[in-house]
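Order of the sequence lines fixes the chain letters, A, B, ..., with proteins taken first and strands second; residue numbering starts at 1 for each chain. Treat the numbers as computed from the prediction; the structure is a model and nothing was measured. Only this structure's heavy atoms are used, side chains among them; waters, hydrogens and symmetry mates stay out.
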Amino acid sequence: MELPKTYNPEEIEPKWQKYWEEEKIYKFDESSNKEIYSIDVPPPYASAGHLHIGHALHYTQFEIIARFRRMAGYNVYFAPCFDNNGLPTEKFVEEKYNISKKTITKAEFRKLCLEESRKVEKIYADKVFRALGHSYDWSLLYTTIDPEAQKVAQMSFIDLYKSGYVYRAEEPTLWCTKHQTALAQAEIEDVQRTTILNYIEFDLEDGGKITIATTRPELLPACVGIFVHPNDKRYKNLIGKNAIVPLFDLKVPIMEDEKVDMEFGTGIVMICTFGDTTDIEWWKKHKLPLRICITEDGKLNEKAGKYCGLTLEEAKEAIINDLEVKNRVVKKEKLQQTVGTCWRCNTPIEYLVTKQWFIKTLEFKEELIKQGRKIRWYPEFYRKRYEDWVKNLSWDWCISRQRFYGVPIPVWYCKNCGNVILPDEKDLPVDPEIDLPKKNCEKCGSNEFIPEKDVFDTWMTSSMSPEIAVRWLEKPERFKKMFPMSLRPQSHDIIRTWAFYTILKAFLHFNEIPWRDIAIGTFVLDPKGRGMHKSKGNAIWTEDLLKKYKSVDVIRYWVGTATWGKDLPFKEKELVRGKKFLTKLWNASRFCFMHIDEKPEKPKKLEAFDKWLLAKLNKLISNVTKNFYEYNTSFCLRETEEFFWHVFCDNYLEIVKDRLYNKARGEDAKISAKYTLYYALLSILKLLAPIIPHITEELYQRGFRKFEEHKSIHISDWPKKFEVEDYSEIGDKIVEIVSEVRKFKTSNKKSLKAEIDIVIQKDLEKDFSEFLEDFKAVTNAKNLSFGENLKISFL
RNA sequence: GGGCCUGUAGUCUAGUGGCUAUGACGUUGCCUUCACGAGGCAAAGGUCGAGGGUUCGAAUCCCUCCGGGCCCACCA
């Protein structure tokens, strides 16, 4: 059999992608008894239409694992999915159509979001998943806005409500004034900035003055108290007195609290409702009045008097100006400050008192850490990050969002008595603004209801991804069999959200872990080591690379070099290397196939070098298999590449040429070579198949398909060890001498064909006997004898 | 401020107690070789961030310092 001279990926790759899909190679087999391996795939955001190389790597990295497990004999459950739910989509639609939720009805807005999502999903499916040769079972597809996913999210809420894990409260809440919604702690991102610390003079009620340092003068109208440290001698006499807030004439009490930092500013703090979390703490502890002066869209309200209607920034400037006019500003200094911001828009968050729904988390910290320890983390150290996050939690999870596009919170309130009314499980999903409760209020009998208008935090759905993926409500028997899932692959930046909330939900609902393994994928940086962002202009697009290299396998080779959990700066030369590797693989296979025209019979006796190769291959197979199980993909690729290139090509192929071409060597020696070539190459292709599926499929189909039972290499059996005597060490010794001979020829500027005399150390004579003929042929040694030391000379 | 990761040749990288520190890219030299010249064979290139300690033995374990990155918490 002869292969074409060059490998042409542009024709070959799409051909097999089509074949795999048509032949349903990756179909999950519901009736199989094989052990199931299930992956909780991260649903890509539908707004992330532009796919940079980091996304491609992330999704391909665990796809390799799916392929490995499939070949290793598992019934792989690999469901594709999309996240078309939540703020990113809303924001994308708002920007694309230049609309806001104020100028369009909820229904219209949702429709646009859904349309937009579907478009992007299509692009994703074709240009990403299919183009990268991913082995999803498309019949298992889910999206997070599907009725079924909504049903799961709402069911989760109802279940937790009934268990007492959900409550509604009017509390100071983390608030984004741009998105005009409550946020969860996990959605807050700290940003460093420089601000001005203003020293402002307050009058005391009974005469005298004090100076207070603040970065938030715009919150003066919300000031409800002043604190000093109980041990601060300077201010002991102030405690119990009242101060007057300048410009606003508010009388506020001066109190003591140990948490005051005497070193900071003047050592006197004003407390406003609310400037930061300490304000909330003191407000609760000292039972201070509430005076909120900020509106939901980040402006001052009527409590701010003449500043009403100004944005926070404008108000800050105006108030400082007026204070300066009245000589109330003692000094101003620059201050480095970290502020919490909305992770989507970087608007500094505010604290507003609003009615929100919460899931209890703070009381389960210990248990959640225990749950985390039952899961295997790859790499292990990321478990620490999870535990740190859980330990540091300071808010229950706020799950209600004042947004449009999302899963509605399935609740009505009785208009008469305020009672919370839940829908029946069988009626889910519901939209309380459209649907009505089926019964009157159980408490008062009223039939008038107020629908809940808020939607869920997007993580309310995402945290149920294992339950959605394996169809918790639709197929309870499947769920029972498949929960916990086998693997959650994800990136490290969402350990505190996705991983955390998923673990939380599995714990609260089932007292179970959601998956046995969690593996943290590689984070791709630009060549200079910075994060890739469309906005920074440093993103490298997968599509461009596909066009340039014309091969998916080249990109997948690069993915294979990445280590799980470790950042990887993108270096294009890794693709060049991949391309060379594919060429080498093609050419070596081409050579092998010239000698494979039938399924080789088992030789009567294997030649020594064949035993050497197969013994070394055994070690490779066992190492690679072990490492694939441990998500150590880069090891697998590296070791296989090393074996293929330097052991198989550089040495073995050169060694067997004589037996294949030289009739004088006899038929048995040739059969042994052919047998070894066949199985060694087939094994190498299989070891590489999870990483570079297209070229290995092409070679399998061309060279092996007619002799092998499986219609695709990707559902063939993972290579097994050969029954063979271990000649690896003796063989290595002899190959070393072959290298010596090559070095001798090269350094004497002679062709490798040059004929030579060799004297080999006498103590190797016994080892050499079985390798002799192959050795003489590959080194072109005309005379070979044994003596004191290794000696090589030209004839 | 707390925690985690990381520092190996010009560049990137493997290596968590043991032969002479892995491999790639790049550089240089040689070989047209019957699978492959988009190749092959070889060479040069390293105080394994610095210092100290443990050990028969340290890139690897411990301590200190320096550099790079990430996560978290904070100051009104």
If you write RNA chain B from 5' to 3' in dot-bracket form, with Watson-Crick or G-U pairs under 3.5 Å, [ ] for crossing pairs and | for pairs with another strand, what do you get?
((((((((.[[[..)..(....]]].(((((.......))))).....[[[[[..)....]]]]])))))))....

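- A/D732 pairs by the salt bridge (charged side-chain N to carboxylate O under 4.0 Å, His left out) definition with A/K616, not counting sequence neighbours.
- Legend: residues meeting side-chain contact (heavy atoms from CB on, under 4.5 Å) with A/E333, ordered by chain and number and at least two apart, are A/L197, A/Y199, A/K331.
- Reading RNA chain B from its 5' end, the first and the last nucleotide to sit under 4.0 Å from a heavy atom of chain A are B/rG3 to B/rA76.
- No contact: A/D279 has no heavy atom under 4.0 Å from any strand.
- Using a 4.0 Å heavy-atom cutoff across all strands shown, A/W282 reaches no nucleic acid atom at all.
- A cation-pi arrangement is not found for A/R577 relative to A/W558, the charged atom failing to lie both closer than 6.0 Å to the ring centre and inside a 45° cone about the ring normal.
- Across all strands, A/D276 comes closer than 4.0 Å only to sugar-phosphate atoms, never to a base (heavy-atom distances).
- A/Q185 comes within 4.0 angstrom of sugar-phosphate atoms only, judged by non-hydrogen atoms across all strands, and of no base.
- Legend: residues meeting ring pair (Phe, Tyr, Trp, His ring centres under 6.0 Å) with A/F591, ordered by chain and number and at least two apart, are A/H595.
- Salt-bridge annotation for A/R373 and A/E387: present, with a side-chain N of the basic residue lying under 4.0 Å from a carboxylate O of the acidic one.
- Taking atom C1' in both B/rA58 and B/rC48, one finds a spacing of 11 Å when rounded to whole Å.
- Looking at A/W282 and A/D257, their side chains do bring a donor and an acceptor atom within 3.5 Å of each other.
- Nearest-nucleotide positions on RNA chain B place A/I188 closer to the 5' end than the other of A/L335 and A/I188.
- Between the P atoms of B/rG67 and B/rG49, the separation comes to 16 Å (whole Å).
- Nucleotides B/rA9 and B/rG45, compared at atom P, are 14 Å apart to the nearest Å.
- Using a cutoff of 4.0 Å between basic side-chain nitrogens and carboxylate oxygens, A/K733 and A/E729 are not scored as salt-bridged.
- Taking atom C1' on both B/rC25 and B/rC65, the two are 34 Å apart, rounded to the nearest angstrom.
- Under the side-chain contact (heavy atoms from CB on, under 4.5 Å) criterion, A/T497 pairs with A/A186, A/W459, A/I494, A/Y501, sequence neighbours left out.
- For residues 381-394 of chain A, proximity to RNA chain B is found at A/F381, A/K384, A/R385, A/D388, A/W389, A/N392, defined as any non-hydrogen atom under 4.0 angstrom from a strand atom.
- Within 4.0 Å (heavy atoms only), A/K573 reaches at least one base atom of the nucleic acid.
- For the segment residues 214-222 of chain A, the set of residues with a heavy atom within less than 4.0 Å of an atom of RNA chain B comprises A/T214, A/T215, in numerical order.
- One P atom belongs to B/rG26, the other to B/rU33, and the distance between them is 24 Å to the nearest Å.
- If you take atom P in B/rG69 and the same atom in B/rU64, they sit 22 Å apart, rounded to whole Å.
- At a threshold of 4.0 angstrom between heavy atoms, the contacts of A/C592 with the nucleic acid are absent.
- Side chains of A/K566 and A/T522: no donor on one and acceptor on the other come within 3.5 Å.
- With sequence neighbours excluded, the residues satisfying salt bridge (charged side-chain N to carboxylate O under 4.0 Å, His left out) with A/R665 are A/D658, A/E773, A/D774.
- With sequence neighbours left out, A/K584 forms a salt bridge (charged side-chain N to carboxylate O under 4.0 Å, His left out) with no residue at all.
- With sequence neighbours excluded, the residues that form a side-chain contact (heavy atoms from CB on, under 4.5 Å) with A/Q761 are A/D763, A/L764, A/L790.
- Summarising the local packing, NZ of A/K365 is surrounded by more than 12 heavy atoms from other residues, nucleotides or ligands at distances under 6.0 Å.
- B/rU47 and B/rA21 have their C1' atoms separated by 14 Å, given to the nearest Å.
- Nearest heavy atom pair, residue A/V260 against residue A/G267, reads CG1-O, 3.6 Å.
- For the pair A/L525 and A/E574, both in contact range of RNA chain B, the more 5′-proximal nearest nucleotide belongs to A/E574.
- B/rC61 and B/rU54 have their C1' atoms separated by 8 Å, with the value rounded to a whole Å.
- Among the atoms of the strands shown, base atoms are found under 4.0 Å from some heavy atom of A/E654.
- Listed by chain and number, the residues in a ring pair (Phe, Tyr, Trp, His ring centres under 6.0 Å) with A/F643 amount to none (sequence neighbours excluded).
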